[in-house]
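To start, the structure itself, in structure tokens.
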Amino acid sequence: MPFLELTGIQKRFGDVAAVHNFDLAIEPGEFVSFLGPSGCGKTTTLRMIAGFERPTAGTIVVNGTDITHKAPNQRNVGMVFQSYALFPNMTVADNVGFGLKVRRRSKDQIHKRVSELLELIHLPDKASRYPWQLSGGQQQRVALARALAIEPQVLLLDEPLSALDAKIRVSLRNEIRAIQRQLGITTVYVTHDQEEALSLSDRIVVMSEGRIEQIGTPFEIYNFPSTGFVARFVGTLNVVSAKVLDPTAGTLEAAGQPIRAAGPISGGHPGDALTVALRPEIISLGARDGMNQLSGVVDDVTFLGAIVRVRIRFSDDSGAISFDTFNNPHLAVPDRGTAITISFPPEACLVLDRAEIAAAAAPEDLDAA
Amino acid sequence: MRYAARVAWWLVFIVGVLYFFIPLYGTLAFSLKSKPFLSAYTAILNDPQFVSTLSYSFVAGILTIIVSILIIVPTAFWVRLKYPQLRPIIEFITLLPFVIPPIILVFGLINTYSKQPLAVTNTETGSNALLVAAYVVLSFPYMYRAVDTGLRAIDIHSLTEASQSLGAGWIRILWQVILPNVRTSLLSGAFLTLAIVVGEFTIATFLDRPAFAPFLGLVGDSKPYEQAALALVSFGITWAAMVLIAVLGRGSRSRIKVTIG
């Protein structure tokens, strides 16, 4: 039985529909991320769970109780905000203990719980500090402890790492995941950062324009995107124009060269124009037997430290493909203008249908997605 | 250039100080001309009306501040949180005391509240309440502006939502989260209100209240040295009261103590 269940959730702001028919069931202790670009409805959905927005339609059930119309302070849902939202007039200990004071816990209970949580977030010596005396990362850890102090049924995190620098972001997200696993708390995390969602989540809900595009594990979302939007939004993607040769055999022509998809192209007819998407990491330099091969000319080489990104162009102007190779000082990187061949398995070809093609941006744009 | 800027800054500062202190010095010098020496001050301090009228005005000032905070803080908070489109209207309403002179306000009040069924001025308590109510209106421009500026400086949306998610209701949010974070603004609004109430003459006179400003006017009619002494003494007391409010306003709250280890 799901612990948190959203059924037929809709939200309209006047004439604008922010969320359409959102259905989701989250298991106890699960870590689910809402991933999508700005304005896709992910924060609105989270705020409906928190009670800060009222759904236009649908129900929200937590642990068998319908909380759709409950006030935010009656839901026992912990929330961590992007802006930390720590109370500036209170010390770290007072911030963490605030929810417990509201619940009229005894002084001893509050003291014990606050101490435990400050240990958990590795800030036991900062109890008497004020928020302005802490770094951004420390403030967000205090905000997490404050949300956890009340032992919420569900923990909601609204882009909690967005305001932090890259290094702190990575270490704090690992810490958040570790704490979540340790406490086994059901968690919903909103982010527009695919790396965050992929690294943290048990499941990801990819959203676009108020609709769910796909729900799946990070592995499924990344490797088997069910729509062009998901393929484009999650991970780096190459998109090349192609033409159907034999739909039954799954053969196509891309960049004027024949390639093969993993299976038949359903609904396709010979001569139909399609788009094929390829993940850069699945592409290897050089011709390999049994794999698709495309030949082109090196257009650009970008040295990224551990990785070297190579972009090749094709003679028929059908687009460009970038791929990554690990940096190896003993191997020469191809120079610009060199003719090279790349290989990739048929399973790597994500064939996008016409609607998805419309949703996809120009190949040059997607190349750096 | 930096030297010139510094000199300019000092010039402005010195002119400001002189503008403020020369009248005070003039008043002091004038009050000391009374014979025997300091007799104006001893006469004022021995006058029972001095203490009673000043106390009356201070009590009226404190009540005005309390009522004003109770009205303005929730209003400004609610407007910022839920109805930002109403802000220009509320601002306009709070600025009305600048447009309507106190004489018009007090005649309006007397006209309305001296007849049945709202004959409030028939009793002492009623008149006192009416005076405080009028002062609350006079304090609106200062109090609203101060509170609104304070609220603008904090992220009230996130703070309110964080408090709600932790289980707090509206009163607790206002009392424990919002009020302490606009305390400095509240204090500046309170200072201005107190200063205005202590020095307010028109409304207190027409409502026939034993306030300080009418007493000051009365003394000035026949005792010029005493009036100067009174003005200086009341000035000092008002400033002392403001410092007291600032000290009390700092507040002390029980904090959660956590032992390390």
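Numbers restart at 1 for each chain; the letters A, B, ... are given by sequence-line order, proteins then strands. Reckoned from all heavy atoms, side chains included, excluding hydrogens, waters and symmetry mates.
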Does OH in B:Y19 sit with more than 12 non-hydrogen atoms of other residues, nucleotides or ligands closer than 6.0 Å?
-> no
Chain B: which of A:R47, A:K112, A:R75 shares the most heavy-atom pairs with it under 4.5 Å?
-> A:R47
Spacing of CG belonging to B:L166 relative to CZ belonging to A:R103, to within rounding of 0.5 Å = 7.0 Å
Return yes when atom CH2 of B:W10 has more than 12 non-hydrogen atoms of other residues, nucleotides or ligands closer than 6.0 Å, and no otherwise.
-> no
Would one find more than 12 heavy atoms of other residues, nucleotides or ligands at under 6.0 Å from atom CH2 of B:W78?
-> yes
Provide the closest heavy-atom pair for A:I150 versus B:S165 in the form atom of the first, atom of the second, distance.
-> CD1-O, 3.6 Å
Minimal non-hydrogen separation, A:F87 against B:V177, with atom names = CD2-CG1, 3.7 Å
Sort A:S128 into side chain, backbone, both or neither according to what part of it lies under 4.5 angstrom from a heavy atom of chain B.
-> neither
Are B:D155 and A:F81 side-chain neighbours, meaning at least one heavy-atom pair lies under 4.5 Å?
-> no
Flag if over 12 foreign heavy atoms under 6.0 Å of CD1, B:I171 | no
Flag if over 12 foreign heavy atoms under 6.0 Å of CZ, B:F98 | yes
Residue A:R146 versus chain B: region with a heavy atom under 4.5 Å | both
Give, as side chain, backbone, both or neither, the part of A:L86 having an atom under 4.5 angstrom from any heavy atom of chain B.
-> backbone
Under 4.5 Å from any heavy atom of chain A - which part of B:S163 | both
Taking all atoms of both residues into account, what is the closest heavy-atom pair of B:S158 and A:S83, and its distance?
-> OG-OG, 3.3 Å
Non-hydrogen atoms of A:N89 and B:N181 that approach each other most closely = OD1-ND2, 3.0 Å
Nearest heavy-atom neighbours spanning B:E161 and A:F52 = O-CZ, 3.2 Å
